[in-house]
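Just so you know, residue 1 is the first one in the sequence shown, and it goes up from there.
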Amino acid sequence: MIDREKVEAAVRLLLEGIGEDVNREGLIGTPDRIARMCEEIYGGTDEEVAVHLSKTFPAVGGEIVLEKDIALYSMCEHHLLPFYGKAHVAYVPDGRVVGLSKLARTVEAYARRPQIQEQLTAQIADALMDHLNPKGSMVVIEAEHMCMTMRGIRKPGARTMTYACRGIFKEDPALCERVFAMLR
């Protein structure tokens with residue numbers, strides 16, 4: 001749970017630390033705005049992902065289900081700068097499927113936590129395995145990191161791709177290739 005008072009105090013200290021006057025007209029409401037923003041951006045820390053994946057429906061067949069181009073926004077835990085891009089979530093059901101919006105909600109719940117892209121990718125793939133019990137899951141994330149764009153190396157447009165395979169996707173590389181083909 002976000003402690004708004006602590007966030008506001010920290011923002012005041014940060015502003016003072018970079019040489020700003022916290023009583024300057026343009027900054028007076030900034031600590032409160034940042035605290036409210038943190039509730040939104042980091043709200044996934046309090047969210048139980050299992051809720052999104054608990055309601056399933058019977059399904060005949062066992063072919064790949066792929067939801068692609070799910071927009072995501074997250075914060076790098078190393079620099080507290082955003083990374084953003086798209087997640088592609090695939091699974092092979094074992095008799096049951098979940099509503100498509102629940103896949104996007106799962107991505108969002110994990111993305112709204114400070115972390116690294118590699119961990120985010122793995123968390124989503126593991127959540128599918130843990131709560132849907134499919135034959136396998138695969139998650140691909142492609143994102144641009146502001147820590148590479150606006151500071152450090154300063155390379156706008158560089159995108160990082162990560163993927164995680166579980167179950168039959170890990171056992172059968174041809175299934176992974178099929179997902180990559182579906183993404184093209």
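- For the 3.5 Å distance criterion, the side chains of His52 and Glu47 qualify, holding a donor opposite an acceptor.
- Checked against salt bridge (Lys or Arg N to Asp or Glu O under 4.0 Å), Arg96 has no partners two or more places apart in sequence or in another chain.
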Under 3.5 Å, which donor-acceptor pairs do the side chains of residues 177-184 form with other protein atoms, sequence neighbours left out?
none

Do any side-chain atoms of residues 157-171 form donor-acceptor pairs under 3.5 angstrom with protein atoms, and if so which ones, sequence neighbours left out?
residue : atom : partner : partner atom : Å
Arg159  : NH2  : Glu142  : O            : 3.3
Thr162  : OG1  : Gln117  : NE2          : 3.1
Thr162  : OG1  : Thr121  : OG1          : 2.6
Arg166  : NE   : Asp126  : OD1          : 2.6
Arg166  : NH2  : Asp126  : OD1          : 3.3

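- Looking at Arg151, its side chain does come within 3.5 Å of a backbone N or O of Cys147 through a donor-acceptor pair.
- Met75 and Val11 fall within a single hydrophobic cluster, where Ile, Leu, Val, Met, Phe, Trp and Tyr are joined by side-chain heavy atoms under 4.5 Å apart, directly or via other members.
- Atom CD1 of residue Ile28 and atom CG of residue Asp21 lie 8.5 Å apart, to the nearest 0.5 angstrom.
- A distance of 7.5 Å separates NE2 in His145 from SG in Cys76, rounded to the nearest 0.5 Å.
- The nearest pair of heavy atoms linking Val140 to Met138 is CG2-CE, 3.9 Å.
- Looking only at distances, a side-chain donor or acceptor of Asp46 sits under 3.5 Å from a matching main-chain atom of Met1.
- Taking CD of Glu77 as the start and CG of Leu120 as the end, the distance is 11.0 Å to the nearest 0.5 Å.
- In this structure a side-chain-to-backbone donor-acceptor pair under 3.5 Å is present from Ser137 to Ala125.
- Distance alone, capped at 3.5 Å, is enough to place a donor-acceptor pair between the His88 side chain and the Asp69 backbone.
- When each of Arg112, Arg33, Arg4 is checked for a salt bridge (Lys or Arg N to Asp or Glu O under 4.0 Å) with Glu39, only Arg4 meets the rule.
- Pairing each heavy atom of Arg113 with each of Tyr42, the nearest pair is C-CD2, 4.5 Å.
- Under the 4.0 Å criterion applied to side-chain N and carboxylate O atoms, Glu8 and Arg12 are assigned as salt-bridge partners.
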Decide side chain to side chain contact (heavy atoms under 4.5 Å, CB included) for Leu27 and Asn23; before the verdict, give the C-alpha distance in whole Å, the side-chain angles of both, and the deciding distance to 0.1 Å. CA-CA 6 Å; Leu27 294 177; Asn23 295 311; over 6 Å; no

How far apart are the C-alpha atoms of Glu40 and Arg36, what are their side-chain angles, what is the distance that settles it, and do they pass the salt bridge (Lys or Arg N to Asp or Glu O under 4.0 Å) test? CA-CA 7 Å; Glu40 187 176 338; Arg36 285 184 283 124; over 6 Å; no

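- A continuous path of ILVMFWY side-chain contacts below 4.5 Å connects Ile2 to Ile41, so both sit in one hydrophobic cluster.
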